[in-house]
Amino acid sequence: MSRPPRRYRRTSLVAAVALAIAACTVIAGSANADPVEQVQNGGFDNGLSPWWWTGNLAPAVDNGQMCVTIPGGTTNPWDAIFGQNDIPMVNGQSYAFSFTASASKPVGILAIVQMATDPFTGQINQPVTLSTTPTQYSFTFTSNVDDAHQTVQFQAGGSADPWQLCLDDISVEGGVAPPVYTPDTGPRVRVNQVGYLPDGPKVATVVTDATDPLPWQLTNSAGTVVATGNATPRGMDAASGLNVQNIDFGRFHGTGTGFTLTADGETSYPFAISKNIYTALRSDSLQFFYIQRSGIAIDGNLVGQQYARPAGHVGVPPNQGDTAVPCQPGVCDYTLNVAGGWYDAGDQGKYVVNGGIATAQLLGAYERTLTARSATRGALGDSTLRVPERGNHVPDILDEARWELQFLVSMQVPAGQPLAGMVHHKVHDENWTGLPLQPQNDPQPRQLHPPSTAATLNMAAAAAQGARLFWRYDPVFAHKLLTAAQTAYAAAKAHPAMYASVADGNGGGTYDDTNVTDEFYWAAAELFITTGGQQYLTDLLASPHFSDDVFAPGGFSWQSVAALGRLDLATVPNRLPHNKLAAVRASVVAGADKYLGILAGQAWGLPLPADAYVWGSNSNILNNIQVIATAYDLTGQAKYRSAALQGLDYIFGRNALNHSFVTGYGTVSSQNQHTRIYAHELDPNLPNPPVGSISGGANAVPADPLAQRLLTGCAPQFCYIDDIQSYSTNEVAINWNSALAWVASFAADQGTHEGD
Ligand code: 9MR
Ligand code: 9MR
């Protein structure tokens, strides 16, 4: 239900930035006479985000309130929790805690504000007896701590029988106004902080009130002005809410480090002009995957001792997985050994649909080196990564992909069981864990979640692609992959509409998807490329995606995978009839042309429209760049190479925040991504994410409490904060690093092939 409008004024982020472009850090809000709401989305107007709950609950928003069945047979109040984290408390301030609640029978619950972690010391721990009539309850308390990360919870466990709980208008009012967060955006001249290729595009953006073209100067590290010109006014940019001009210095072909651009009295961060700017990124972006591996000790001699850790989830206490994982209650009566694979992201779940797309992008990055004219043969070969399999005569990127492929196949329902051949959607903790948490210390029960058609086809596609690439290195493994893929494909056709539940989101993400036509197309495409089988060709030609436009402006993603099939059909040798193949290739070029149009319309020069900054937007941008780069591979036309390279500028700092989203790349880069493993921000003994880890990036609809509180009213490019609590703008994830790895490998090739 909607709450009455707040009376206090909020400073919009855009206004704050316009007022104080060079100001920095968090300015504490002053004590405010008007009440300040500390709970986000307490009226459930925006669905369930950012609330969380224990794994035995499946809450839903119904009629503007949240209702949930509390299962019977639990013992403690905390056996069934609905709550919200990151509630800031200020010592000595008084708070009004109120909510409206009802139950299907009279029952007692606890309404709590407390520490989020052990020993869970409470500010208020209020027993309330609910009735069947919705009733508003109000309490007051005074905080005795300064803690930005308290939790508000309704603990409803302990009943012998199930009952229904409904909540609405949950509020904790008091304390101080949320700080006005003003990011430190540094100099107003924004460049790719890593640099530019000598024969690549070179464009920068200056944030300015000026509307007439601004003169600019390019200065080398010796302080000599080496080029000058006038900028091009671009007006007010929708994605950033800023007035900007662009500086094109592409006619300068000198090389070196420590260049700067000056315009409107401001000087950019330094950058290089060199054919080597992306060489290290090719391997750094891939190195992330080894460090995210589950089921194997991470060897500090390979990747630095700060990342060394024992194997996670191999059945050694306190772990309860992943060597014999049961299903969620009622889903199956067997256990599976699903040890291995990669941890998905900042959490330690393993999800087939996301593992599949990430694996496919690694396999695709390798496969591109076999087909693309500009690819450097061997650049992704054996002994190019620091992995335990280095030196085994198999390309290291394939070794890395194999780690996940084996996991994906292990998620398949065994022969003889109901739904044999289908693939479990995911395995993860029963309940969400706190941060930090090293994988080997995770005490949560792990569970297999129901098979889904999407996961089954995702595995089929990735395994079919893996089969053709492993054929010459390990035919036994290749055969195993192909068999698993074919079995999965047949099972999916027999069960074409088993969808992962949008409500199955505790302890792990949902990765829900109710349109699997694209997964069918992708799997058929990979199986056809690998086998040439008539059945797969028939299915492909019958797919609505065979000839439709699969290149949406927002880009492909784990949920929308038809583009993966289309790109492979266009680039990997296959037996499509000649005219059909020509149409497939033309469609990729048409998709790239669309992205070039979008890029030209964006002042910051990236292929993403202003209305498409979603959770993980950096990967959407990179995936669009992959399409553009593929058009270059297909046509050799310079405009595609140029656009693909220019699109990367945004990732490395030519953006509203003057921020590079790749750890260790550029003057100011993401360091505090949401992760339980590299949680340096919470524990100084832990490392930051490894160099080459990309953050999810700007999300115009932030879904975590910290970002919701600090980024209110943000223009899309400002909807990002490099804080470990902001999982909806600043997490690490395998499908984001795989997108980076594909594009990094392409970009590194563009440098290698320069004459310079
Ligand atoms: O850590 C989780 C992150 O990996 C997910 O992307 C995110 C959304 O599914 O959820 C995070 O977990 C939070 C949970 O949703 C609510 N309780 C706090 C958890 C840690 O911040
Ligand atoms: O990348 C996913 C994004 O597209 C979704 O909008 C979001 C919320 O459902 O979940 C993201 O995936 C997270 C997953 O659910 C749990 N592991 C961390 C993933 C990255 O945040």
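Side-chain N or O atoms of Asn699 include one that pairs as donor or acceptor with a backbone N or O of Ser728 at under 3.5 Å. The closest donor-acceptor contact from the side chain of Gln320 to the backbone of Pro443 lies under 3.5 Å. Judged by distance alone, the side chain of Ser560 and the main-chain N or O of Phe556 form no donor-acceptor pair under 3.5 Å. Under a 3.5 Å cut-off, the side chain of Thr151 and the backbone N or O of Ala116 do not form any donor-acceptor pair. Side chain of Asp161 to backbone of Trp163: no donor-acceptor contact under 3.5 angstrom is found. With hydrogens and angles disregarded, a donor-acceptor distance shorter than 3.5 Å links the side chain of Asn688 to the backbone of Gln671. In this structure, the side chain of Thr675 does not engage the main chain of Asp347 through any donor-acceptor pair within 3.5 Å. At least one donor-acceptor pair under 3.5 Å links the side chain of Thr135 to the backbone N or O of Thr133. Judged by distance alone, the side chain of Thr453 and the main-chain N or O of Met498 form a donor-acceptor pair under 3.5 Å. Here the side chain of Tyr351 pairs a donor or acceptor atom with the backbone of Gly509 at under 3.5 angstrom.
Annotation for Thr510 and His425: closest pair O-NE2, 3.3 Å, computed over non-hydrogen atoms. Ile677 and Gln348 make their closest contact through CG1-NE2, 4.0 Å (heavy atoms, listed as atom of the first residue, atom of the second, distance). Shortest non-hydrogen contact noted between Leu130 and Ser102 is CD1-O, 4.1 Å. Of all non-hydrogen atoms in Ala503 and Ala58, the two that sit nearest each other are CB-CB, 4.3 Å. Nearest approach of Gly355 to Thr359, heavy atoms of both residues: O-OG1, 2.6 Å. Heavy-atom minimum distance, Gly312 versus Pro439: CA-CB, 4.0 Å.
In this structure, a donor-acceptor pair under 3.5 Å is present between the side chains of Trp52 and Asn85. Between the side chains of Glu37 and Ser171, at least one donor-acceptor pair of N or O atoms lies under 3.5 Å. At a cut-off of 3.5 Å, with distance as the only test, a side-chain donor of Gln328 or Asp504 sits close to an acceptor on the other residue. Side chain to side chain, Tyr678 and Gln292 meet the donor-acceptor criterion of an N or O pair below 3.5 Å. Gln150 and Asp147 share a side-chain donor-acceptor pair at under 3.5 Å. Between the side chains of Gln123 and Asn144, at least one donor N or O sits under 3.5 Å from an acceptor N or O. Using modelled atom types and a 3.5 Å distance limit, the side chains of Ser670 and Tyr720 yield a donor-acceptor pair. Under the 3.5 Å distance criterion, with hydrogens and angles disregarded, no donor-acceptor pair is assigned to the side chains of Gln559 and Ser557. Side-chain N/O atoms of Thr54 and Asn431 include no donor and acceptor closer than 3.5 Å. For Asp442 and Asn319, the side-chain atoms include no donor-acceptor pair closer than 3.5 Å. With hydrogens and angles left out, the side-chain atoms of Asn730 and Ser695 include a donor and acceptor closer than 3.5 Å. Side-chain contact of Gln153 with Gln155: a donor-acceptor pair under 3.5 Å is present, judged by distance alone. At a cut-off of 3.5 Å, with distance as the only test, no side-chain donor of Asn91 or Asp146 sits close to an acceptor on the other residue. Side chains of Tyr343 and His313: a donor-acceptor N/O pair is present below 3.5 angstrom, by distance only.
In this structure, Asp322 pairs ionically with Lys350, as a charged nitrogen and a carboxylate oxygen lie closer than 4.0 Å. Asp429 has a carboxylate O that lies under 4.0 Å from a charged side-chain N of Arg446, or vice versa, which qualifies the two as a salt bridge.
Atoms OH and SG, on Tyr613 and Cys714 in that order, are 12.0 Å from each other to the nearest 0.5 Å. A distance of 7.0 Å separates NE2 in His149 from CG in Leu706, rounded to the nearest 0.5 Å. For the atom pair Cys332 SG and His449 NE2, the distance stands at 11.0 Å (nearest 0.5 Å). Within the model, atoms OG of Ser159 and CD1 of Ile109 stand 12.5 Å from one another, a figure rounded to the nearest 0.5 Å. Atom CE of residue Met422 and atom CE of residue Met459 lie 10.5 Å apart, to the nearest 0.5 angstrom. Distance check: Asn735 CG to Asp344 CG gives 6.5 Å after rounding to the nearest 0.5 Å.
Aromatic ring centres of Phe407 and Trp342 lie farther apart than the 6.0 Å criterion allows.
For the pair Asp86 and Asp704, the minimum side-chain heavy-atom distance is 4.5 Å or more. Contact annotation: the side chain of Ser726 never approaches that of Glu731 to less than 4.5 Å [non-hydrogen atoms, C-beta and beyond]. Side chains of Val61 and Leu48 form a contact here, defined as non-hydrogen atoms less than 4.5 Å apart. For the pair Arg709 and Gln38, the minimum side-chain heavy-atom distance is below 4.5 Å. Taking 4.5 Å as the limit, every side-chain heavy atom of Thr121 sits out of range of all side-chain heavy atoms of Gln114. Within the 4.5 Å cutoff, no side-chain heavy atoms of Ile124 are placed close to those of Ile112. Side-chain atoms of Leu336 and Leu448, non-hydrogen and from C-beta on, do get closer than 4.5 Å to each other. Between Glu173 and Val36 the shortest side-chain heavy-atom distance does not fall below 4.5 Å.
Using cut-offs of 30° and 60° for the angle between ring planes, the Tyr334 and His424 rings count as perpendicular. Taking the six-membered ring where the residue is Trp, Phe97 and Phe154 present tilted rings, their angle falling between 30° and 60°. Aromatic ring pairs are classed by plane angle as parallel below 30°, tilted from 30° to 60° and perpendicular above 60°; the pair Phe139 and Phe99 is tilted. In this structure, Trp558 and Tyr511 have perpendicular ring planes: the angle between them is above 60°, well past the 30° mark.
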Pair Val39-Gln84, side-chain contact (heavy atoms from CB on, under 4.5 Å): steps then yes or no: CA-CA 8 Å; Val39 169; Gln84 184 174 124; 3.9 Å; yes
Evaluation steps, side-chain contact (heavy atoms from CB on, under 4.5 Å), between Thr142 and Gln93: CA-CA 6 Å; Thr142 299; Gln93 293 283 323; over 6 Å; no
side-chain contact (heavy atoms from CB on, under 4.5 Å) evaluation trace for Val325 with Thr335: CA-CA 5 Å; Val325 182; Thr335 63; 5.8 Å; no
side-chain contact (heavy atoms from CB on, under 4.5 Å) assessment of Tyr137 paired with Thr100: CA-CA 6 Å; Tyr137 301 90; Thr100 299; over 6 Å; no
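The side-chain contact (heavy atoms from CB on, under 4.5 Å) test with Val68 singles out one residue from Asp62, Asn56, Leu165, and that residue is Leu165. Between His674 and the options Trp615, Trp736, Tyr727, a ring-ring contact (aromatic ring centres under 6.0 Å, His included) holds for only Tyr727.
Within the structure, salt bridge (charged side-chain N to carboxylate O under 4.0 Å, His left out) contacts touching residues 63-82 (residues at least two apart or in different chains) do not occur.
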